[in-house]
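The structure under discussion appears below in the form of C-alpha cells.
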Protein chains: 4
Amino acid sequence: MTDKKEHIVNSAVELFAEKGFEGTSIRELAAKAEVNVAMVNYYFGSKEKLFEAMVAQKAAYSRGMIDEIVKDKTLSDIEKIDRIIDGFVNRLFTNRKFHRIIHQELMLSQRENLQQAIVDILYPNSLAVKTLIDSAIKKGSFKKVDSALVIATVIGTINHVLLSKKMCNKLFGKEDSHVPYEDPKFIKRVGDHLKEIMHAYLLKN
Amino acid sequence: MTDKKEHIVNSAVELFAEKGFEGTSIRELAAKAEVNVAMVNYYFGSKEKLFEAMVAQKAAYSRGMIDEIVKDKTLSDIEKIDRIIDGFVNRLFTNRKFHRIIHQELMLSQRENLQQAIVDILYPNSLAVKTLIDSAIKKGSFKKVDSALVIATVIGTINHVLLSKKMCNKLFGKEDSHVPYEDPKFIKRVGDHLKEIMHAYLLKN
Amino acid sequence: MTDKKEHIVNSAVELFAEKGFEGTSIRELAAKAEVNVAMVNYYFGSKEKLFEAMVAQKAAYSRGMIDEIVKDKTLSDIEKIDRIIDGFVNRLFTNRKFHRIIHQELMLSQRENLQQAIVDILYPNSLAVKTLIDSAIKKGSFKKVDSALVIATVIGTINHVLLSKKMCNKLFGKEDSHVPYEDPKFIKRVGDHLKEIMHAYLLKN
Amino acid sequence: MTDKKEHIVNSAVELFAEKGFEGTSIRELAAKAEVNVAMVNYYFGSKEKLFEAMVAQKAAYSRGMIDEIVKDKTLSDIEKIDRIIDGFVNRLFTNRKFHRIIHQELMLSQRENLQQAIVDILYPNSLAVKTLIDSAIKKGSFKKVDSALVIATVIGTINHVLLSKKMCNKLFGKEDSHVPYEDPKFIKRVGDHLKEIMHAYLLKN
DNA sequence: TATGAATGAGCCTTCATTCAT
DNA sequence: CATGAATGAAGGCTCATTCAT
C-alpha cells in the first residue's frame with residue numbers, strides 16, 4: 001500500500017473514532033491527511049469504501065492471537081484464560097481508536113453489510129473462548145458456567161473502561177487531563193481485575 | 001410537555017439510536033413524528049438542543065434506583081449487589097435504544113458539554129456501587145477487590161450483549177430474526193451470569 | 001403552478017435548448033431564474049425531474065390541433081393537409097426552443113423513459129396524418145404515396161430550417177444578425193414550399 | 001494518423017452520438033478506446049479539440065460527391081437529383097452516428113467556432129443543389145420552385161427518419177428491437193419516397 | 001401556535017486537465 | 001512516447017435553519 005493511501009487510512013481512523021462516520025467530512029479527512037479532497041475518491045472510490053478498506057486493513061490485528069493461545073499445550077486452562085485476557089486488554093487498549101469505530105458501527109443499523117463483515121471478523125474469537133471454557137468444564141477443571149457470556153464480560157469490561165476518558169478519570173480519582181489509556185499501571189489494573197474475577201468464577205475452590 | 005413535543009422526543013430516540021446524531025436528518029425525524037420540519041426548531045431551537053432535551057428527559061429513569069437499594073437496611077451486602085444487577089439489567093434492556101445513544105455519545109468527542117452532562121448523570125450510580133463495596137470490604141463481608149472496576153464489569157457485560165443483535169444471535173445459536181432483547185429467558189440468563197460472577201468474586205469462600 | 005415554478009421551467013427551456021441537458025448546470029439555471037439553487041430540488045426533486053416536468057408542461061401545446069383539422073367536415077383532404085402544414089409551421093416556429101430540446105432528447109440514448117414519453121406524445125400526430133392520407137388514397141382523391149413518410153417530410157423540412165440560424169441565413173442570403181425564425185415572410189415561405197410540394201405529390205394531376 | 005488516435009476518434013463518434021458532448025466523459029472515452037485517460041489530452045490537447053479533430057476527420061466523407069454528379073454531362077437534371085438523393089440517403093444512413101453529432105452541434109449555441117466550421121463544410125453541398133435547380137429552372141426543365149428549400153426537404157426528411165429508432169419503428173409498425181437503419185428495404189423506401197416527391201414537385205407534368 | 005416556502009452552507013463525487021517520471 | 005498520480009473546480013444534491021404569514 002502506498003504511503004498516501006496508508007496516511008489517509010490512518011487519518012480516517014482518528015476522525016471516524018472522534019466524530020463517527022457521518023460526522024466526518026471528506027474535506028476534513030483530506031485536510032488531516034494533507035491530500036487533495038479528490039484523492040480519497042481516487043484511491044478508495046467513495047467515503048464508504050474508504051471506511052470498509054480501513055476496517056479490512058485494521059481488523060487484521062485481531063486475528064490469530066486467541067487460536068495460538070488455545071493451541072498451546074504447555075499452558076493449563078486457567079493460564080490460557082489469563083493469556084487471553086492480557087491479549088484482549090493489550091489489543092483493545094492499543095487499538096482503542098479503531099475499536100471505538102467498530103463499536104459504533106455495531107450499534108448502528110446503517111451499512112448492514114459492513115456490520116456483517118465485522119461480526120464475521122469478531123465472532124471466531126468469541127467462539128474460540130467459548131469452546132475453550134466448554135472443554136475445560138467437561139474435563140472438570142472449570143465450574144459449570146455460562147461459557148457464552150464469559151467473553152461478553154471480558155470484552156465488555158474493557159470496552160466500558162475505554163468508553164469515556166472523562167468517566168474513567170472521575171471514577172478512578174484522576175484529574176481531567178490524565179490519559180488513563182496510556183498509563184501502564186492502569187492497563188495492568190484492568191487486566192488483574194479481570195483475571196481475579198475469572199479465577200474466582202471459573203476455578204473450583 | 002405537550003403531546004407533540006413528547007412525540008418528537010420519542011421519534012428522536014428511535015432514529016438517533018439507529019442512525020446516530022449526524023446520520024439522522026430533521027426531515028426524517030419530522031416525517032417519523034408526523035410533524036412539520038419547522039416544528040423541531042420551533043420547539044427545541046435546534047437539532048442539538050433537541051438532542052439535549054431528549055437526554056435530559058429520558059435520563060430520569062436511571063436516577064434513584066441504586067440509592068434506594070443501598071439504603072435498604074433489610075438487605076445484606078450481597079443481596080444489595082444482586083438487586084443492583086437486576087436493576088441494571090432491567091433498565092438497560094428496557095431502555096436499550098436510549099442507552100445506545102448515550103453509549104455512542106460518550107465515545108465521540110463532539111458535543112463536549114453534553115458529554116459532561118451524561119457523566120454527571122451516570123457517575124453517581126457508579127460511585128454508589130463503589131462505596132457499597134468498599135464499606136462491605138471494610139466490614140469484612142467482601143474480599144478485597146478493585147471496587148471501582150466492579151461497576152465496569154456489570155454495565156460492560158450488559159452493554160456488550162446489547163451491542164449487536166447479529167453478534168448476540170450468532171453467539172447464542174439463534175437465527176437472525178430472533179430479538180434476544182425482548183426474550184425474558186435471555187434477560188434472566190444475563191442477570192444470573194452476573195450474579196454468579198459477583199458471588200464468586202466478592203464473597204469469601 | 002406557482003410563479004416561481006413556472007419561472008424555473010421557462011428558464012430551463014431557454015438553457016436546455018441552448019446548452020443541452022448535461023451542458024446546463026443547476027447553478028446556472030437558478031441564476032437565470034433568480035432563485036436559490038436549492039429551489040430546483042425543492043420544487044422538482046432533481047434536475048432530471050425538472051426536465052421531465054418541463055416536457056410534460058410544454059408538450060401540452062402539441063395536442064389536439066391535428067385531430068380538430070382532420071375531423072372538420074367542411075374541408076377537403078388537401079385543404080386539411082394545407083391546414084396541418086400551417087399548424088406545424090406555426091407551432092414549431094413559435095415553440096422552437098422547446099422543440100429543439102425534444103429533438104436533442106430523441107437523438108440521445110440517455111434518459112430512455114423520457115424518450116418513451118416523448119414518442120408517446122408525438123406519435124398520435126404522425127398517426128393522424130398517416131390515417132388521413134390513407135383514407136384519401138382509398139377515396140381516390142390522393143395518389144398512392146408512402147403515407148408514413150409524408151409526416152417525416154413535413155416535420156423534417158421545418159426542423160432542418162430551424163436547425164441552425166447560421167446555416168439558414170447563409171442559404172437564404174441574409175446577414176448573420178438576421179433572425180429568420182421571427183420573420184413572418186420567411187415563415188410563410190416555408191409553409192408555401194411545403195404546400196406546393198404536397199400538392200404536387202399528393203394530388204392527381 | 002496513428003492507430004490509437006484513430007481508435008480514440010472512433011470511440012468518440014460512438015459516445016458523442018449517444019450521450020452528447022457534455023454527457024461524455026474523458027474517462028469513459030478512454031475506457032472505450034482502451035487507452036490511458038491522459039492520452040486524449042496528450043494527443044488532442046483537450047476534449048474540445050478532440051471533438052474538432054473528429055469533425056474535421058469524419059466530415060471528409062461528405063465532400064465531393066455532389067460536385068461529381070452535377071458535373072456529369074451524361075445525366076439529365078432530374079437524373080442528377082435522383083443520384084443526389086441516393087447519395088444523401090446512403091451517406092446519412094451509413095454515417096448516421098456522426099451525422100447525429102453534427103445535428104446536435106448545430107442546434108446548440110455552445111462552441112460557436114465549431115458551428116461555423118460545420119456550416120462551412122455543409123453549405124457547399126446545399127449551394128450546389130440550389131444552383132443545379134436554379135439552372136434547370138432557367139433551362140425550363142424544372143418548374144419554378146423554391147430552390148433553397150429543396151435541400152431542406154431532402155436532408156430534413158432523412159434526418160427526421162434517423163432521429164429516433166423508437167419513433168421510426170412505431171410509425172412503420174415494427175417491433176422495438178428492429179434496427180431500421182440497417183434494413184436495406186427501409187433505406188430504399190426512404191430514397192424512393194424522396195425521388196417521387198421531387199419528381200412530382202420539380203418536373204413539369 | 002404553526003407551517004409551507006425559502007435559504008446559504010456544506011455535503012460527496014466527478015470532471016477535464018496537468019504533473020512527474 | 002506514454003502513463004499513473006494528483007489537482008482544483010465544478011457538479012448535483014441535502015442539510016439545518018429561518019422567514020413570512
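Just so we're on the same page: letters track the sequence lines, and every chain starts at 1. Atoms considered below: every heavy atom in the structure, side chains included; atoms not considered: hydrogens, waters and symmetry mates. Bear in mind that the values here come from a model prediction, so they are computed numbers and not experimental data.
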Self-check item: Selection from F:dT3, E:dT7, E:dC12 that lies nearest to any side-chain heavy atom of D:Lys4
Solution: F:dT3

Practice problem: Starting from C1' on F:dC15, measure out to CD on B:Glu22 and report it in whole angstrom. | Solution: 12 Å

Quiz item: Taking N and O atoms by type only, does the side chain of C:Arg27 place a donor or acceptor under 3.5 Å from a partner on the base of F:dG12?
Solution: yes

Exercise. Compare the minimum distances between each of E:dT14, E:dT3, F:dA16 and the side chain of B:Lys47, then state the nucleotide with the smallest one.
Key: F:dA16

Self-check item: Nearest listed nucleotide, side chain of C:Ser25, among E:dT3, F:dG12, E:dT7
Solution: F:dG12

Quiz item: In whole angstrom, what separates C:Met39's CE from E:dG4's C1'?
Solution: 10 Å

Quiz item: Counting just side-chain N and O atoms, does A:Lys5 come under 4.0 Å of either OP1 or OP2 of F:dG4?
Solution: no

Self-check item: Atom CD of B:Gln110: over 12 foreign heavy atoms under 6.0 Å
Solution: yes

Quiz prompt | Minimum side-chain heavy-atom gap C:Phe21-D:Glu22 below 4.5 Å | solution = no

Quiz item: Of the nucleotides E:dA6, E:dT17, F:dG8, which one has an atom closest to the side chain of D:Ile26?
Solution: E:dT17

Quiz item: Does any nucleotide pair with F:dA6 by Watson-Crick or G-U wobble geometry, both distances under 3.5 Å, and what is it?
Solution: E:dT17

Practice problem: Please tell me if the side chains of D:Glu52 and D:Asn113 come closer than 4.5 Å, counting only heavy atoms from C-beta onward. | Solution: yes

Quiz item: How long is the line joining CD of B:Glu34 and C1' of E:dT3, in whole Å?
Solution: 16 Å

Quiz prompt | Whole-Å distance separating the CG atom of B:Leu15 from the P atom of F:dA16 | solution = 12 Å

Quiz prompt | Side-chain N or O of B:Asn36 closer than 4.0 Å to phosphate OP1/OP2 of E:dA2 | solution = no

Practice problem: Classify the ring geometry between A:His103 and B:His103 as parallel (under 30°), tilted (30 to 60°) or perpendicular (over 60°). | Solution: tilted

Exercise. Specify the separation, in whole Å, of atom CG of D:Asn41 and atom C1' of E:dA20.
Key: 16 Å

Quiz item: Toward the 5' end of DNA chain F, which comes first, A:Val35 or C:Glu28, by nearest nucleotide?
Solution: A:Val35

Quiz item: Taking CZ from C:Phe16 and C1' from F:dG12, how many angstroms apart are they, rounded to a whole number?
Solution: 12 Å

Quiz item: So, is B:Tyr43 close to the E:dA2 phosphate, meaning a side-chain N or O under 4.0 Å from OP1 or OP2?
Solution: yes

Quiz item: In whole angstrom, what separates B:His7's NE2 from E:dA2's P?
Solution: 15 Å

Quiz item: Do the numbers put B:Lys5 on top of the ring of B:Phe44, so that NZ or CZ is under 6.0 Å from the six-membered ring centre and no more than 45° off the axis?
Solution: yes

Quiz item: Between E:dA6 atom C1' and C:Ile8 atom CD1, what is the distance in whole Å?
Solution: 11 Å

Quiz item: Think A:Tyr42 has a side-chain N or O under 4.0 angstrom from the OP1 or OP2 of F:dA6?
Solution: no

Self-check item: Complementary nucleotide for F:dG12 - Watson-Crick or wobble, under 3.5 Å
Solution: E:dC11

